[in-house]
Amino acid sequence: MVKEIYIAGEWRLGRGPVIQSNFPADQSLNAEIASASLDDVHEAIVKADQAWRQSAWRHSLPHERAKILYRVADLIEARAEQLAQLQTRDNGKPLAETRALVMSAAATARFNAAACETLNEELTTQRAADFMTMSVHEPVGVVAAITPWNSPIASEVQKLAPALAAGNAVVLKPAEATSLIALELAKIFAEAGLPKGLLSVLVGRGAVIGDAIAQHPLVRKISFTGGTTTGRHLAHIAADKLITTALELGGKSPTIVLADADIELAAKGIVYGIFSSAGQACIAGSRLFIHRSIYDRLLKRIVEISAALRVGHPEQPNVHMGPLINAKHLQSVHQYVELAKAEGGQVVLGGEALTAGELSKGSYYPPTIITGLSNQAQSCQQEIFGPVLVVLAYDDEQDLIAQANDSCFGLAAGIWTENYRHAWRLARVLEVGTVWINTYKKFSVSTPFGGFKDSGIGREKGRLGILSYMQQKSIYLGLSEQANPWAE
Ligand code: NAD
């Protein structure tokens, strides 16, 4: 049966083409979905605009909106296993990872509920005795949330929770390959009591439906997570409309290992940093710089640990890496490996798709490690978004900093060292939005996240994340009994 989508609080067949969700492990069909048409987009946005203006929502008290988000968190937790399994079916990540993503989504909803309840407005006093001022925050209106396929439930709740806490309406466009979780989220928000019209989930192709949503005149903010090319396109649309954007984009994150690092901890952290999610992570630590004095020893250990990773069916227990999202993406990853070889790189591990037995049904690629390249190589500069690590040696620290920063991206970095003063100095000069020292890929919902340079604009998460979905208004209250005097 073809699945319905969620248009302004109604479940019905979209009027666009039917699209498929397939299980990346074996290409079996998860669902056929009747995607949105341009008319559906227009209808959802017009109704969203009407819905957020309703007094019942617009003048709702923060704790009333928070209550919905607390319920959302509880419902996500109550259905955690079902949601994790659905997410695995949709994008092929191992269950252990999708379980963690589900719990992070619940935590995000709860955190934003608490932040919403405790946000204060500001009394901006000054010396004038005849008036006082108040700075308040208003919702922006209809928010477009556009998300990628690699961690849907986490990236979607990361947008929905603060945007709704702020009093907006949201039109969500999930990635075409992974729409099922977004549709489940629509059910959860409705069950939690979100008034009709405030949320639509418009499944469809990015270049058609995503673009139409962003272009619509009633959309007043674009919150996007995805590739840099798409982000730049959306930024142009936003510039024309003079609306704000939050853009969480790609990366080619450097990991730096200083000579005094704990080799075992660093090796395990580096392997996790690049190969979890089969490298399909914006923050993947994909560019590794090792001090030459420990290069051979650390590389050997990284290769040993990576070679022992279990690549396999994502529903099997103890699997470290599942399949890539689809065959087209596998082709793209493999072409980068071929490019690295043509640029003079040596593949010291992996480098060919895995096709034995059951693996032939999905797009499986092994942990792949390449040495012998210069940081200028295209394979060291471009985002591969797969399980491919490039490893470089360095001697001089100033040269290391220049190389680490020599990238159009600036999403994240890792530093491994036993000397925290040294790590601090390095952390301050790296041109990235997040630095992990002696750990990697850890996330806290209370810590802002976002990129420098081509990795994005704006920050998500944190207590003040809600404010990025609001606009500030200053209100002056006259206190004088006298008429306004003319300036003298
Ligand atoms: P993508 O840019 O191709 O697609 C992301 C979303 O944008 C999808 O929903 C897609 O349908 C939509 N889209 C595509 N073209 C569009 C257009 N012209 N107008 C409007 N919407 C459009 O990215 P992807 O391949 O789905 O995801 C991988 C990318 O996402 C990688 O570059 C990765 O680094 C990045 N990413 C970044 C973060 C972060 O937080 N910085 C997190 C996850 C993924």
Side-chain angles (χ1 to χ4, degrees), residues 16 19 21 24 33 35-36 38 41 90-91 93 97 101 104 108 144-159 171-182 201-216 219 222-238 245-253 274 276-286 324-326 328-330 332-333 336 382-386 407-412 432-434 441 443 447-461 465:
I19 64 168
S21 153
I33 309 165
S35 71
L38 293 178
V41 169
D90 231 6
N91 76 356
K93 279 191 174 184
E97 283 192 33
L101 287 174
S104 127
T108 300
I146 304 179
T147 52
W149 45 263
N150 61 329
S151 307
I153 191 163
S155 18
E156 281 151 15
V157 176
Q158 206 161 298
K159 297 183 187 313
V171 175
L172 170 62
K173 214 283 309 154
E176 29 295 54
T178 56
S179 301
L180 295 181
I181 277 284
V201 176
L202 300 182
V203 174
R205 280 194 50 218
V208 181
I209 297 305
D211 189 78
I213 294 170
Q215 303 266 11
H216 198 286
V219 164
I222 302 170
S223 180
F224 172 75
T225 300
T228 295
T229 307
T230 316
R232 190 168 275 123
H233 170 71
L234 294 172
H236 280 291
I237 295 176
T245 53
L247 303 174
E248 302 285 355
L249 310 178
K252 187 80 178 181
S253 298
I274 175 66
S276 54
S277 306
Q280 302 168 111
C282 52
I283 45 169
S286 50
L324 301 183
I325 185 78
N326 54 36
K328 188 166 161 239
H329 189 52
L330 182 139
S332 153
V333 169
Y336 274 112
Q382 293 179 20
E383 184 184 41
I384 300 176
F385 214 59
S407 165
C408 67
F409 296 112
L411 193 57
V432 298
T434 295
K441 256 191 171 182
F443 277 117
T447 307
F449 178 77
F452 282 24
K453 304 196 274 189
D454 286 6
S455 291
I457 301 176
R459 296 290 175 267
E460 290 194 309
K461 304 193 184 179

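First listed ligand is number 1; within each ligand, the first listed atom is number 1.
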Report task. Determine, stepwise, if the pair Trp149 / His329 fulfils side chain to side chain contact (heavy atoms under 4.5 Å, CB included). Result -> CA-CA 12 Å; Trp149 45 263; His329 189 52; 4.1 Å; yes
Tell me, which protein residue and heavy-atom name are nearest [atom], and how many Å apart are they?
atom                    : result
atom 3 (O) of ligand 1  : Thr230 OG1, 3.9 Å
atom 13 (N) of ligand 1 : Gly206 CA, 3.4 Å
atom 27 (O) of ligand 1 : Pro148 CB, 3.3 Å
atom 18 (N) of ligand 1 : His233 CD2, 3.4 Å
atom 26 (O) of ligand 1 : Trp149 CD1, 3.1 Å
atom 36 (N) of ligand 1 : Cys282 CB, 3.5 Å
atom 35 (C) of ligand 1 : Gly226 O, 3.1 Å
atom 6 (C) of ligand 1  : Thr147 O, 3.4 Å

Closer than 3.5 angstrom, by distance alone: can the side chain of [X] be matched with the main-chain N or O of [Y] as a donor-acceptor pair?
X      : Y      : result
Thr178 : Pro174 : no
Thr245 : Ile222 : no
Ser253 : Gly285 : no

Has ligand 1 got any nitrogen or oxygen that is less than 3.5 angstrom from a nitrogen or oxygen of [X]?
X      : answer
Lys173 : yes
Gly227 : yes
Arg205 : no

Requested in this report: Before giving the answer on side chain to side chain donor-acceptor pair (under 3.5 Å), spell out for Glu97 and Ser276 the whole-Å C-alpha distance, their side-chain angles and the decisive distance to 0.1 Å.
Outcome: CA-CA 8 Å; Glu97 283 192 33; Ser276 54; 5.0 Å; no
Query raised in the report: With a cut-off of 6.0 Å (strictly less than), are more than 12 heavy atoms of other residues, nucleotides or ligands near CZ of Arg459?
Result: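 Count over threshold, so yes.
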Query raised in the report: Should Pro174 be listed as contacting ligand 1, given a heavy-atom distance under 4.0 Å as the test?
Result: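 Heavy atoms of Pro174 do come under 4.0 Å of ligand 1.
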Query raised in the report: Quick one: does Ala207 get within less than 4.0 Å of ligand 1, heavy atoms only?
Result: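 Yes.
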Query raised in the report: How about atom 24 (P) of ligand 1: does it have a protein heavy atom within less than 4.0 Å?
Result: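 So atom 24 (P) of ligand 1 has protein heavy-atom neighbours under 4.0 Å.
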Per-atom contacts, ligand 1 versus [X] - under 4.0 Å to a heavy atom:
X      : answer
Gly210 : 19 (N), 20 (C), 21 (N)
Asp211 : 19 (N), 20 (C)
Glu176 : 10 (C), 11 (O)
Phe385 : 28 (C), 31 (C), 33 (C), 34 (O)
Ile146 : 6 (C), 7 (O), 9 (O), 12 (C), 21 (N)
Leu411 : 41 (N)
Phe449 : 40 (O)
Phe224 : 2 (O), 5 (C), 6 (C), 7 (O)

Query - Reference residue Ile181; test side chain to side chain contact (heavy atoms under 4.5 Å, CB included); the match among Ile153, Leu101, Asn91 - result: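 For Ile181, the side chain to side chain contact (heavy atoms under 4.5 Å, CB included) check succeeds only for Ile153.
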Does only the side chain of [X] get under 4.0 Å from ligand 1, or the backbone, or both, or neither? Count heavy atoms.
X      : result
Glu383 : side chain
Asn150 : side chain
Ile213 : neither
Leu249 : backbone

Requested in this report: Show the numbers, then the answer: is there a salt bridge (Lys or Arg N to Asp or Glu O under 4.0 Å) between Asp211 and Arg205?
Outcome: CA-CA 9 Å; Asp211 189 78; Arg205 280 194 50 218; over 6 Å; no
Query raised in the report: So do Phe452 and Leu411 actually touch side chain to side chain, heavy atoms under 4.5 Å?
Result: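 Leu411 vs Phe452: side chains apart.
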Report task. Mind checking the OG-CD1 spacing from Ser179 to Ile33? Nearest 0.5 Å is all I need. Result ->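 The distance works out to 4.5 Å.
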Query raised in the report: In Å, rounded to the nearest 0.5 Å, how long is the span from CD of Glu383 to OG of Ser286?
Result: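 Those atoms lie 7.5 Å apart.
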Indicate whether any N or O donor in one side chain lies under 3.5 Å from an N or O acceptor in the other, for [X] and [Y].
X      : Y      : result
Lys461 : Thr447 : no
Thr147 : Glu156 : yes
Thr225 : Lys159 : yes

Query - Verdict with reasoning, Lys252 to Gln382, per side chain to side chain contact (heavy atoms under 4.5 Å, CB included) - result: CA-CA 7 Å; Lys252 187 80 178 181; Gln382 293 179 20; 5.8 Å; no
